[in-house]
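Step one of this worksheet: look at the structure below.
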Amino acid sequence: MTEAPKEAAIRCELCGDDTKPSEIAVIDGKTCCRPCSASIRSDLTLVDQFVSWHGDLPIAEMKMTRHPERTEFRPGLFGAVAEFELPDILGSITMRADGQCDSDALRVSTGEQILCCYAILINPAEVSDHLSATYETIGREQAGGHQPPTRPESK
């Protein structure tokens with residue numbers, strides 16, 4: 001029986017663990033795993049992508065109660081926050097320049113937490129993909145499993 005070749009592991013320079021190449025980030029010349037990358041990174045392109053993604057996305061039935069702004073920060077924790085509400089859901093997503101993204105959503109009628117997600121994102125494309133998946137999940141929850149809200153077609 002023939003096996004597919006295994007992906008060679010790469011050693012994280014910070015923690016020393018072997019990691020798959022797809023989970024490696026190169027930050028300031030250091031090769032590190034996704035979890036360690038947050039400890040040494042400050043990448044404003046991640047926050048910029050988060051902010052611009054929300055600027056281009058009016059979601060049907062969703063009201064943005066707090067639009068993310070790049071200027072939101074506390075020393076050492078530069079990032080942006082989006083807060084939203086749907087008829088039966090309240091939630092927020094926080095994106096920090098170190099790549100950490102927290103998403104939380106609550107069903108108002110039952111008090112049930114429907115989303116509690118933490119991710120470490122490495123590049124702007126991952127930010128976009130993560131936001132799309134998160135809002136699709138929230139849309140399905142609001143619709144009771146039906147078609148999620150979608151982005152309007154570009155002009």
Side-chain angles (χ1 to χ4, degrees), residues 12 14-15 17-28 30-154:
C12 173
L14 299 179
C15 69
D17 287 350
D18 287 337
T19 305
K20 294 187 294 187
S22 61
E23 294 296 308
I24 286 290
V26 178
I27 311 296
D28 295 331
K30 291 193 183 300
T31 302
C32 57
C33 63
R34 192 176 292 262
C36 287
S37 71
S39 68
I40 62 171
R41 180 175 27 177
S42 182
D43 186 349
L44 298 180
T45 63
L46 302 174
V47 177
D48 289 340
Q49 180 62 29
F50 180 81
V51 170
S52 69
W53 193 93
H54 282 92
D56 296 340
L57 183 68
I59 298 177
E61 300 180 354
M62 183 176 284
K63 177 183 175 189
M64 295 300 293
T65 56
R66 180 177 180 177
H67 290 275
E69 297 179 14
R70 188 176 187 252
T71 58
E72 298 178 285
F73 70 96
R74 289 184 287 141
L77 297 174
F78 194 95
V81 178
E83 293 178 351
F84 56 86
E85 63 181 47
L86 283 153
D88 193 29
I89 296 175
L90 295 174
S92 67
I93 303 177
T94 303
M95 181 76 223
R96 291 181 293 282
D98 62 7
Q100 297 180 80
C101 184
D102 295 300
S103 306
D104 295 290
L106 173 77
R107 183 175 308 283
V108 177
S109 62
T110 63
E112 169 192 15
Q113 186 171 27
I114 59 167
L115 180 68
C116 181
C117 178
Y118 171 77
I120 298 174
L121 307 172
I122 293 177
N123 58 50
E126 282 189 3
V127 172
S128 292
D129 292 346
H130 182 74
L131 290 172
S132 293
T134 299
Y135 281 116
E136 284 177 15
T137 298
I138 292 165
R140 278 193 303 274
E141 284 291 330
Q142 177 61 42
H146 297 107
Q147 185 68 19
T150 57
R151 290 179 91 141
E153 292 299 318
S154 298

### Query
Can you list every pair that meets salt bridge (Lys or Arg N to Asp or Glu O under 4.0 Å) and has a residue in residues 35-49, with sequence neighbours left out?
D48-R70

### Message
Please check: side-chain N/O of R34 versus main-chain N/O of I120, any donor-acceptor pairing under 3.5 Å?
### Response
yes

#### Entry: Stepwise side-chain contact (heavy atoms from CB on, under 4.5 Å) test for D102 and R96
CA-CA 9 Å; D102 295 300; R96 291 181 293 282; 2.9 Å; yes

### Query
After noting the C-alpha distance and the side-chain angles of I138 and I89, does the key distance pass the side-chain contact (heavy atoms from CB on, under 4.5 Å) rule?
CA-CA 8 Å; I138 292 165; I89 296 175; 4.2 Å; yes

### Evaluation steps, side-chain contact (heavy atoms from CB on, under 4.5 Å), between S128 and F50
CA-CA 7 Å; S128 292; F50 180 81; over 6 Å; no

### Task
Find out whether L106 and I114 are in side-chain contact, i.e. whether some heavy atom of one side chain is under 4.5 Å from a heavy atom of the other.
no

### Query
A97 and L44: which non-hydrogen atoms are nearest, and at how many Å?
CB-CD2, 3.9 Å

### Message
I'd like to check C101 versus V127 (side-chain heavy atoms, cut-off strictly below 4.5 Å). Are they in contact?
### Response
no

### Message
C116 vs S103, test: side-chain contact (heavy atoms from CB on, under 4.5 Å). Steps then yes/no.
### Response
CA-CA 6 Å; C116 181; S103 306; over 6 Å; no

### Query
Among pairs that include at least one residue of residues 79-95, which meet salt bridge (Lys or Arg N to Asp or Glu O under 4.0 Å), considering only residues two or more places apart or in two chains?
R66-E83, D88-R107

### Query
Which pair of heavy atoms, one from A80 and one from V47, lies closest together, and at what distance?
CB-CG1, 4.0 Å

### Summary
For P68 and V51 the tightest heavy-atom approach is O-CG1, 3.7 Å

### Query
Would you say E126's side chain and I122's backbone share a donor-acceptor pair under 3.5 angstrom?
yes

### Task
Please examine the side chains of T134 and L115, heavy atoms only from C-beta on, and report whether any two atoms are closer than 4.5 Å.
yes

## Note on the structure
Tightest non-hydrogen contact, residues D104 and F84, listed as O-CZ, 4.3 Å

### Task
Determine whether more than 12 heavy atoms belonging to other residues, nucleotides or ligands lie under 6.0 Å from atom CG of D18.
yes

### Message
Within the structure provided, determine whether C117 and H130 are in side-chain contact (heavy-atom separation under 4.5 Å).
### Response
yes

### Message
If you compare all heavy atoms of C33 against all heavy atoms of T19, which two are closest, and at what distance to 0.1 Å?
### Response
CB-OG1, 3.5 Å

### Query
Where is the tightest heavy-atom contact between L46 and L121, given as atom of each residue plus distance?
CD1-O, 3.8 Å

### Query
Quick one: OG on S42 to CG on D98, what's the gap to the nearest 0.5 Å?
8.0 Å

### Distance-only donor-acceptor check, side chains H54 and Y135, under 3.5 Å
yes

### Message
Using only atom types and a distance under 3.5 Å, with no angle test, would you say the side chain of S39 pairs donor to acceptor with the backbone of C36?
### Response
yes

